[in-house]
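Each remark here refers to the structure printed beneath this line.
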Amino acid sequence: MSIENLLKRDSFIERGARSRAQALLDPGTFRELAGPFERLHSPWLAMQKLVTQADDGVVVAKGRLAGQPTVVLAIEGAFQGGSMGEIGGAKIAGALELAVRDNERGVPTQAVILFETGGVRLQEANLGLAAIAEIQSAIVALRRHRPVVGVSAGTVGCYGGMSIAAGLCSYFVMTREARLGLNGPQVIEQEAGVGEFDARQRALIWGLTGGEQRTVTHLADACVEDDTAQVRATVAALFARGAPAVHRSDRTADFLACLARVDTTTQATPDDVRRIYGKGLG
């Protein structure tokens, strides 16, 4: 990309959660629910003398996307690493459950989840885990009616229990800069040692967990440029496609068959993973 085009580009990554939600919805239709004026602070962060945020790092917006009723759930990666606690998790799960209710009443509401999250908020451990479980259950309930589209653009990525939530989405969209994994590089290095995974090797990290690799290996459905218009157009096109014939989470046998072919005695390379998962799941 030339310098001129780079400067003209409307970066989706550089937008905050609220701006991302506004950019996805049709102009003039954005309406925020349970917003910052509701003062839904996390009580647990305050008890530990940690700075809170009035929306607990989650923006819930309702409007229309390409004319269709849509709820957008945007996680703010700049607040507590996008971690899920009791309040933020309840906002996402509750909004998804309301979308299910809309569909049951004849209003075909679809959902977009913008993932910028390291997973559970350690300061709210069990409550955060329960909230993530509720999110996962609500995604499965809603996708019986309408597709649920997940997006991870960067810079935090999508990790922990929320990566499982991403896997439950009907479709998942990533940029090349995004990352998707159950455990982050530092966690793997801490638990298994630098010999298992060197968290300083950025090329290896993106080569194994970046958006391009995850799309080739069928853990994501589209890899797009960091461009707001392209992200929006891709999400709209996936909704127009309707539900997939088989959801990714229903292909566990296929993924396990690929996993059985991985040589765990050596460090896997990005090419190894592409060869095994790209061809095995194609």
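Worth saying up front: this structure is predicted, and the values here are computed from it rather than measured. The figures here come from the full heavy-atom set of this structure, side chains too, leaving out hydrogens, waters and symmetry mates.
The backbone N or O of Pro270 sits less than 3.5 Å from a side-chain atom of Gln213, completing a donor-acceptor pair. Side-chain N or O atoms of Asn103 include one that pairs as donor or acceptor with a backbone N or O of Thr109 at under 3.5 Å. For Arg143 (side chain) and Ala138 (main-chain N/O), no donor-acceptor pair under 3.5 Å exists by modelled atom type. Glu134 contributes no side-chain N or O that, together with a main-chain N or O of Ala93, makes up a donor-acceptor pair within less than 3.5 Å. In this structure, Arg39 contributes its side chain and Ala54 its backbone to no donor-acceptor pair below 3.5 Å. Glu116 places a side-chain N or O within donor-acceptor distance of the main-chain N or O of Val156, the cut-off being under 3.5 Å. Under a 3.5 Å cut-off, the side chain of Asp26 and the backbone N or O of Thr29 do not form any donor-acceptor pair. Between the Thr228 side chain and the Asp10 main chain, a donor and an acceptor come within less than 3.5 Å of each other. No side-chain donor-acceptor contact under 3.5 Å links Lys91 to the backbone of Leu73. In this structure, the side chain of Arg179 does not engage the main chain of Thr209 through any donor-acceptor pair within 3.5 Å.
Between Leu33 and Arg31, the closest side-chain pair of non-hydrogen atoms falls below 4.5 Å. For the pair Val151/Val231, a side-chain contact is recorded, criterion being any heavy-atom separation below 4.5 Å from C-beta on. Side-chain contact between Leu24 and Leu114: present, with at least one pair of heavy atoms (C-beta onward) separated by less than 4.5 Å. When side chains are defined from C-beta on, Ile87 counts as touching Pro43, because their heavy atoms get closer than 4.5 Å. When side chains are defined from C-beta on, Val112 counts as touching Phe239, because their heavy atoms get closer than 4.5 Å. At least one side-chain heavy atom of Leu25 sits under 4.5 Å from a side-chain heavy atom of Thr70. Looking at Val246 and Arg251, their side chains come closer than 4.5 Å, going by heavy atoms from C-beta outward. The closest side-chain heavy-atom distance from Asp254 to Thr252 is not below 4.5 Å.
Among all heavy-atom pairs drawn from Arg200 and Glu189, the shortest one is N-OE1, 4.4 Å. Between Gly242 and Tyr171, the shortest heavy-atom contact is O-OH, 2.5 Å. Among all heavy-atom pairs drawn from Pro147 and Ala243, the shortest one is CG-N, 3.7 Å. When all heavy atoms of Ala17 and Glu76 are compared, the closest pair comes out as N-OE1, 2.9 Å. Closest approach of Asp227 and Gln230 over heavy atoms only: OD2-N, 2.9 Å. Among all heavy-atom pairs drawn from Leu45 and Val51, the shortest one is CD1-O, 4.1 Å.
Ion pairing of Arg121 with Glu124 is present here, as a side-chain N (NZ or NE/NH1/NH2) and a carboxylate O approach within less than 4.0 Å. Taking the charged nitrogens against the carboxylate oxygens, Arg18 and Glu32 do have a contact shorter than 4.0 Å, which makes a salt bridge. Between Arg105 and Asp102 there is no salt bridge, since none of the side-chain N atoms of the basic residue sits less than 4.0 Å from a carboxylate O of the acidic one.
No continuous path of hydrophobic side-chain contacts links Ile13 to Ile75 [ILVMFWY only; heavy atoms under 4.5 Å]. Under the 4.5 Å side-chain heavy-atom criterion for grouping Ile, Leu, Val, Met, Phe, Trp and Tyr, Ile205 is connected to Val273 within one hydrophobic cluster. By the criterion of side-chain heavy atoms lying less than 4.5 angstrom apart, applied directly or through intervening Ile, Leu, Val, Met, Phe, Trp or Tyr residues, Trp206 is not grouped with Leu182; the two fall into different hydrophobic clusters. Linking ILVMFWY side-chain heavy atoms closer than 4.5 Å, directly or via other members, places Leu180 and Met162 in a single hydrophobic cluster. Using a 4.5 Å cut-off between side-chain heavy atoms of Ile, Leu, Val, Met, Phe, Trp and Tyr, with links allowed through other members, Met174 and Leu168 fall into the same hydrophobic cluster.
Shown are Arg241, Arg248, Arg214; of these, the salt bridge (charged side-chain N to carboxylate O under 4.0 Å, His left out) with Asp221 is made only by Arg248. Exactly one of Val216, Val262, Leu219 qualifies for a side chain to side chain contact (heavy atoms under 4.5 Å, CB included) with Tyr277. That residue is Val262.
How far OG1 of Thr264 is from CG of Leu259: 9.0 Å, rounded to the nearest 0.5 Å. Taking CD of Gln53 as the start and CD of Gln80 as the end, the distance is 9.5 Å to the nearest 0.5 Å. We find the CZ-CZ distance between Arg232 and Phe12 to be 11.0 Å, quoted to the nearest 0.5 Å. With rounding to the nearest 0.5 Å, the separation of CZ in Arg144 from OG in Ser170 is 11.5 Å. Annotation: the span from Arg176 atom CZ to Thr215 atom OG1 amounts to 11.0 Å, rounded to 0.5 Å. Atom OG of Ser137 and atom CD1 of Ile132 lie 13.5 Å apart (nearest 0.5 Å).
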Inset, instruction - Under the side-chain contact (heavy atoms from CB on, under 4.5 Å) rule, what do Gln68 and Leu65 come out as? Steps first, then yes or no, please. - result: CA-CA 5 Å; Gln68 297 300 311; Leu65 174 58; 5.7 Å; no

Legend entry - Arg275/Asp272 under salt bridge (charged side-chain N to carboxylate O under 4.0 Å, His left out): CA gap, chis, key distance, verdict: CA-CA 5 Å; Arg275 175 175 49 80; Asp272 292 334; 3.4 Å; yes

Legend entry - Worked verdict on Tyr159 versus Val187 for side-chain contact (heavy atoms from CB on, under 4.5 Å): CA-CA 11 Å; Tyr159 291 108; Val187 174; over 6 Å; no

Legend entry - Intermediate values then yes/no, side-chain contact (heavy atoms from CB on, under 4.5 Å), Asp250 and His247: CA-CA 5 Å; Asp250 292 329; His247 279 88; 3.8 Å; yes

Legend entry - Criterion side-chain contact (heavy atoms from CB on, under 4.5 Å) on Ile113 and Leu96, from CA distance to verdict: CA-CA 10 Å; Ile113 306 176; Leu96 291 170; 4.3 Å; yes

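Annotation for Asp263: atom CG counts as buried by contact number, over 12 foreign heavy atoms lying within 6.0 Å. Around the CZ atom of Arg274, the shell of radius 6.0 Å holds more than 12 heavy atoms that belong to other residues, nucleotides or ligands.
Counted by atom type alone, Ser11 and Asp226 present one or more donor-acceptor pairs between their side chains at under 3.5 Å. Judged by distance alone, the side chains of Thr175 and Glu177 do bring a donor and an acceptor atom under 3.5 Å apart. Between the side chains of Glu86 and Ser42, no donor N or O sits under 3.5 Å from an acceptor N or O.
For an aromatic pair to be called close, the ring centres must be under 6.0 Å apart, and Phe172 with Phe115 satisfies this.
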